[in-house]
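Structure first, commentary second.
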There are 2 protein chains.
Amino acid sequence: MIDTHAPSQNDVYLDMRNRLISGAFSPGQKLMPNRLKADYNTSASTIREILFRMSCEGFVDFQEQRGFRCPQSSEQKLLELTHLRILLECEGAAGSIRNGDVEWEAQLNASHHKLAHIESKMKSSDDITPFVTVWSRSDWEFHRTLLSACGSSLLIETHKGIYDRFRQQVVSELRTFGFRAETIPEHKAILDAALQRDIPGCTKAIEDHLRVYRDHVAGKVQGFSAG
Amino acid sequence: MIDTHAPSQNDVYLDMRNRLISGAFSPGQKLMPNRLKADYNTSASTIREILFRMSCEGFVDFQEQRGFRCPQSSEQKLLELTHLRILLECEGAAGSIRNGDVEWEAQLNASHHKLAHIESKMKSSDDITPFVTVWSRSDWEFHRTLLSACGSSLLIETHKGIYDRFRQQVVSELRTFGFRAETIPEHKAILDAALQRDIPGCTKAIEDHLRVYRDHVAGKVQGFSAG
DNA sequence: TTTTCAAGAAATCACGAAATTTTTGTATAT
DNA sequence: ATATACAAAAATTTCGTGATTTCTTGAAAA
């Protein structure tokens with residue numbers, strides 16, 4: 001956003017959404033159109049409109065006459081988000097396993113390869129922060145590809161919304177962005193089961209991958225650090 | 001909307017949403033703020049903002065620089081909506097069965113009683129149109145109550161969004177609003193299984209209740225008329 | 001110290017006009 | 001007759017303003 005030209009509404013939308021998801025605002029923080037307009041070289045009305053849009057999707061809280069706020073994080077929210085993400089992701093993966101062709105297998109392989117590459121570098125690194133942005137994108141790319149052949153664009157869209165809100169919560173609660181050393185074998189297990197067309201196995205692998213967030217909430221897990 | 005005073009933004013939102021769901025606009029029809037503002041005695045900007053909100057929820061289509069449209073109906077959409085509705089409703093019902101207390105049982109009984117009352121009147125009536133509005137509300141109330149004790153407000157909200165879009169599609173494809181004579185025993189089966197805390201049975205009853213829309217799409221069912 | 005209240009500051013909301021883009025209709029050329 | 005170019009009309013998007021509401025501040029009373 002250095003260009004002096006006014007960016008398109010959609011650019012602003014995408015950037016704001018990204019900032020929200022990646023924890024650029026602290027939970028509960030007020031999001032004021034009059035302040036934000038400076039960041040994008042547009043008017044307050046435009047920002048307001050965009051904030052409004054995002055409040056429907058759950059990325060910002062909105063109260064009439066009280067403006068917009070970055071959503072408060074809570075364990076309950078993360079629990080519900082995890083629960084729903086598991087449900088949608090298992091259903092979508094099952095669909096892809098049933099319908100996916102060789103092209104899908106290839107794409108899944110490719111996205112996992114990139115993800116594994118980054119994750120192995122992160123594992124052997126003290127500070128993961130420089131990787132976090134790329135890893136985030138790769139993790140999404142892998143999970144997105146997993147569902148991409150399920151045949152239901154509605155399921156895919158719904159899952160994306162939940163996935164992003166899940167990420168938003170994880171970032172604000174765990175400053176690791178959700179990366180753990182264990183994600184490496186977990187992602188591998190998902191990939192293998194999917195390529196073997198093993199629906200129950202894939203379902204289980206996805207549950208195992210995300211179960212940790214449920215347990216975290218339930219207070220059963222202490223360590224969340226990477227490495 | 002006869003009052004000359006400007007209604008609150010939320011009133012307009014609710015009414016527009018209702019019109020969209022109940023088929024007041026034909027699929028593909030343009031939704032222009034400049035036209036619509038007359039219906040509500042507000043400005044075009046307000047209408048625009050509301051339309052934006054609803055585009056996030058999927059009740060209207062939006063294209064940049066091209067405005068808003070009532071969504072095109074398609075069999076594929078109904079299929080995907082049905083699929084997702086089954087998934088969410090089964091999961092939510094299972095949660096309610098696990099967590100629901102006596103109060104939940106009572107509410108479920110009450111909402112089913114009202115629903116059954118209307119449906120029996122509709123069954124013995126030639127023209128169902130006068131009942132359609134009340135029936136719609138009752139059907140929603142029953143299914144909402146079914147999930148109300150599941151413990152996840154996120155699941156409830158997500159389900160509501162899908163339910164409403166499902167209804168929107170059904171209305172535009174089948175002018176019966178989705179009522180069939182068979183819904184009466186189907187609703188009863190759902191109620192009974194839920195009260196017996198029979199999760200597999202309830203899941204199956206829900207699937208049986210909604211399966212007909214899948215089959216309709218697949219061309220396996222001809223008659224959709226009520227009675 | 002805590003609570004109440006009022007005045008000032010700040011933010012939100014609805015509105016309509018200006019600017020941009022798309023669509024429509026007509027004339028011209030191939 | 002079809003296609004292209006151009007102009008007029010219509011619709012969409014953006015943005016600044018004023019009215020209304022909410023939030024903050026600080027002094028007075030309990």
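Chain A is the first sequence line, chain B the second, and so forth, proteins listed ahead of strands; every chain is numbered from 1.
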Which residues pass the ring-ring contact (aromatic ring centres under 6.0 Å, His included) test with [X], not counting sequence neighbours?
| X | answer |
| --- | --- |
| A:His83 | none |
| B:Tyr163 | B:Trp140 |
| A:His143 | A:His187, A:His209 |
| B:Phe131 | none |

> Are B:Thr46 and C:dC15 close enough that a side-chain N or O sits under 4.0 Å from OP1 or OP2?
Replying inline: yes
>> Is there a side-chain contact between B:Ser43 and the phosphate of C:dG16, meaning an N or O under 4.0 Å from OP1 or OP2?
In response: no
Whole-Å distance between [N] [atom2] and [X] [atom1]?
| X | N | atom1 | atom2 | answer |
| --- | --- | --- | --- | --- |
| A:Asp11 | D:dT14 | CG | P | 11 Å |
| B:Asn41 | C:dC15 | CG | P | 8 Å |
| B:Glu49 | C:dG16 | CD | P | 15 Å |
| B:Ile50 | D:dT12 | CD1 | C1' | 17 Å |
| B:Lys37 | C:dG16 | NZ | P | 7 Å |

> Given A:Phe142, which of A:His112, A:His113, A:His117 fulfils the ring-ring contact (aromatic ring centres under 6.0 Å, His included) condition?
Replying inline: A:His112
> Applying salt bridge (charged side-chain N to carboxylate O under 4.0 Å, His left out), which residue pairs with at least one partner in residues 42-68 of chain B are found, sequence neighbours left out?
Replying inline: A:Arg48-B:Glu49, A:Glu49-B:Arg48, B:Arg17-B:Glu57
> salt bridge (charged side-chain N to carboxylate O under 4.0 Å, His left out): which pairs involve residues 127-142 of chain A, sequence neighbours left out?
Replying inline: A:Asp139-A:Arg167, A:Glu141-A:Arg144
Would you list the protein and nucleotides 6-12 of chain C atom pairs, both N or O, that sit under 3.5 Å from each other?
{"unit_1": "C:dA11", "atom_1": "OP1", "unit_2": "A:Arg35", "atom_2": "NH2", "d": "2.7"}

Which donor-acceptor pairs under 3.5 Å do the side chains of residues 154-162 of chain A make with protein atoms, sequence neighbours left out?
{"unit_1": "A:Thr158", "atom_1": "OG1", "unit_2": "A:Leu154", "atom_2": "O", "d": "2.7"}
{"unit_1": "A:His159", "atom_1": "NE2", "unit_2": "A:Glu89", "atom_2": "OE1", "d": "2.8"}
{"unit_1": "A:Lys160", "atom_1": "NZ", "unit_2": "A:Asp164", "atom_2": "OD2", "d": "3.1"}

> What residues in residues 51-59 of chain B put a non-hydrogen atom under 4.0 Å from any atom of DNA chain D?
Replying inline: none
